[in-house]
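What follows is a structure written as structure tokens; I'll ask about it next.
Just so you know, ligand 1 is whichever comes first in the structure, and atom 1 is the first atom listed for that ligand.
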Amino acid sequence: MQVPDNSNIVIFGASGDLNYRKLIPALYHLYVTGQLPDSFFILGVSRTEFSDESFRASLQGELVGLERIEPEPFSRFLEHVYYLAINTSDEHEFGKLKQRLLELYEKYQAPHNTLYYLATPPSLFGVIPKCLAAHELNKETEGWKRLIVEKPIGYDFESAVALDDQLHQYFREDQLYRIDHYLGKETVQNLLVFRFANGMFEPLWNRHYIDYVEITSAEFIGVEDRGGYYDGSGALRDMFQNHLLQVLAMVAMEPPAAINADATRDEVVKVLESLRPLSADDLKQDLVLGQYTESTVRGEYLPGYREEKGVAKDSRTETYIGLKLFINNSRWNGVPFYVRTGKRLPTRVTEVVIHFSPTPHPVFSQHAPSNKLIIRIQPDEGIVMKFGLKTPGAGFEAEEVAMDFRYQDLGETKLLSAYERLLLDALNGDATLFARSDAVLACWKFVQPILEFKEDPRALYGYACGTWGPKEAGALVERDNRAWRYPCKNLTNTHYCEL
Ligand code: BG6
């Protein structure tokens, strides 16, 4: 892994949850493993009043003891961390930011290379770049300037275009890093290596040999304390429009001419732009939206979605979405992709299942097991190939067996967390694993008819917490004589999730 040139990080929204839970731990782990530059500072910026010292003390109080954070190296790391309290929506206040940055560049004798991170509410995504530009903090005269933008990038197609225009007024596309933490996951990146580095799979990866593809991202947790945000978002905006469509692009894209930001993202966009637009009939037949209802799971009472804090009592927000979709290109024409995600499902699991077509002439048995490749994104990361083997003994019955690889077998190798990998890439100027503007807009364009259809009051089914979503979601696949894979049938133990 390349160590970045001397550079600095400014985190807007520094007093918020994302910074405490993800960004500081990720930066700390990069620091203790020697992956940050020799000279760097991190400046946290938000409205909450803190001095440098009290901010450091607060981070220490919250984080030491968690996530392999040891007191002594964490104190050394915190010497690089500073804080500035300003009103981040007031252009004039950015004069103070400029002043503080100049002092820190001077103190560190550092180039002005700076990565800005928008870990703020989305209402500030358009405002902060404008304020930075008003003080020429976007100018690259004495070092590069890059901007990481968190999700949600827009609320629908129109607002995503508007945000894009705002960002592009002050930053060039090659300065913009739209983060999708699923692209930071080792197992998602491995989809490219697995597909394009293995001659035994790539020739089969198309409509001639693949019957259907499943993409599942299940969570056992509910909306927790994020009801206020989630109720205005739903599973479609929270997970599907971004994370799942990005994973789908990695599964379905053509090989890029090279692994770099332009070539890889060109292929991602092509596949997203080839998604077959959803017609009114498709929405009626191939889309299932659900909302969880109260239930007792493994002895624990779980409230229904409408009972959650911050959620409207008559909310029609979906916590589950299942969709059958198609890709209109010569590799995938006619192959259904069944994609589902939901909260309060039986367990936490994300996986891609490739179902290969049966042999054209089933000589041995009508019921020979089908061939499947299960790519487990999380947890218990790994890959399993399932195929038929002759049942020992007389006759020619076939039974299903498996060959597997698990990341845990790599022993000591430590996988970088998604935020570690993505922060490092942004510091190194590598945007390959960040969503490009045209890809984000292609995703919104595809989901826009679903957003409009959600207004239709018929379109929401209940499902009890701890089940695999509404029964209509099962029917979505079964009526095509296919089936979802249910990796965790045994509801008595959350950790049981067969790979
Ligand atoms: C976030 C969503 O982007 O992804 C959350 O806002 C969701 O609602 C989370 O829980 C899932 O991420 P992961 O990495 O735990 O699968």
Practice problem: Mark up the atoms of ligand 1 that fall under 4.0 Å of a heavy atom belonging to K151, in ascending order. | Solution: 1 (C), 2 (C), 3 (O), 6 (O)

Quiz item: At what distance is the nearest protein heavy atom to atom 15 (O) of ligand 1, and which residue and atom is it?
Solution: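 It is R348 NH2, 3.2 Å.
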
Quiz item: For D238 and Y229, does a side-chain donor sit closer than 3.5 Å to a side-chain acceptor?
Solution: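 Checked: D238/Y229 side chains pair up, N/O donor to acceptor below 3.5 Å.
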
Practice problem: Apply side chain to side chain donor-acceptor pair (under 3.5 Å) to E420 and Y28, showing your working. | Solution: CA-CA 9 Å; E420 288 167 39; Y28 166 70; over 6 Å; no

Exercise. Mark yes or no: R237 above the aromatic ring of Y155, with NZ or CZ under 6.0 Å from the six-membered ring centre and no more than 45 degrees from the axis.
Key: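 Yes.
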
Exercise. State plainly whether the residues D282 and R276 are in salt-bridge range, i.e. N to O under 4.0 Å.
Key: yes

Practice problem: Give the atoms of ligand 1, by number and element, whose distance to some non-hydrogen atom of E219 is under 4.0 Å. | Solution: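 Answer for ligand 1: 7 (C), 10 (O), 11 (C).
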
Exercise. Among all protein heavy atoms, pick the one closest to atom 4 (O) of ligand 1 and tell me residue, atom and distance.
Key: H181 CE1, 3.4 Å

Exercise. Under 4.0 Å from a heavy atom of K343: give me the atoms of ligand 1 that qualify, with their elements.
Key: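 Those atoms are 5 (C), 7 (C), 8 (O), 10 (O).
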
Quiz item: Does E150 come within less than 4.0 Å of R178, counting only side-chain N to carboxylate O?
Solution: no

Quiz item: Within 45 degrees of the axis of the six-membered ring of F220 and under 6.0 Å from its centre: does R344 put its NZ or CZ there?
Solution: yes

Practice problem: Would you tell me which option among D238, T319, T341 has the nearest heavy-atom contact to atom 8 (O) of ligand 1? | Solution: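 Of the listed residues, D238 has the closest heavy atom.
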
Exercise. Just jot down the ligand 1 atoms closer than 4.0 angstrom to any heavy atom of K185, in number order.
Key: 13 (P), 14 (O), 16 (O)

Exercise. Mind checking salt bridge (charged side-chain N to carboxylate O under 4.0 Å, His left out) for D156 and listing every partner two or more places apart, or none if nothing turns up?
Key: none

Quiz prompt | Heavy-atom gap Y230 to ligand 1 smaller than 4.0 Å | solution =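 So Y230 does not count as touching ligand 1.
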
Practice problem: Measure the distance from atom 16 (O) of ligand 1 to every protein heavy atom, then report the residue, atom name and distance (to 0.1 Å) of the closest one. | Solution: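 Protein heavy atom with the smallest distance to atom 16 (O) of ligand 1: Y182 OH, 2.4 Å.
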
Exercise. With heavy atoms of R226 as the reference, note each atom of ligand 1 found under 4.0 Å away.
Key: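 In order of number, 2 (C), 5 (C), 6 (O), 8 (O).
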
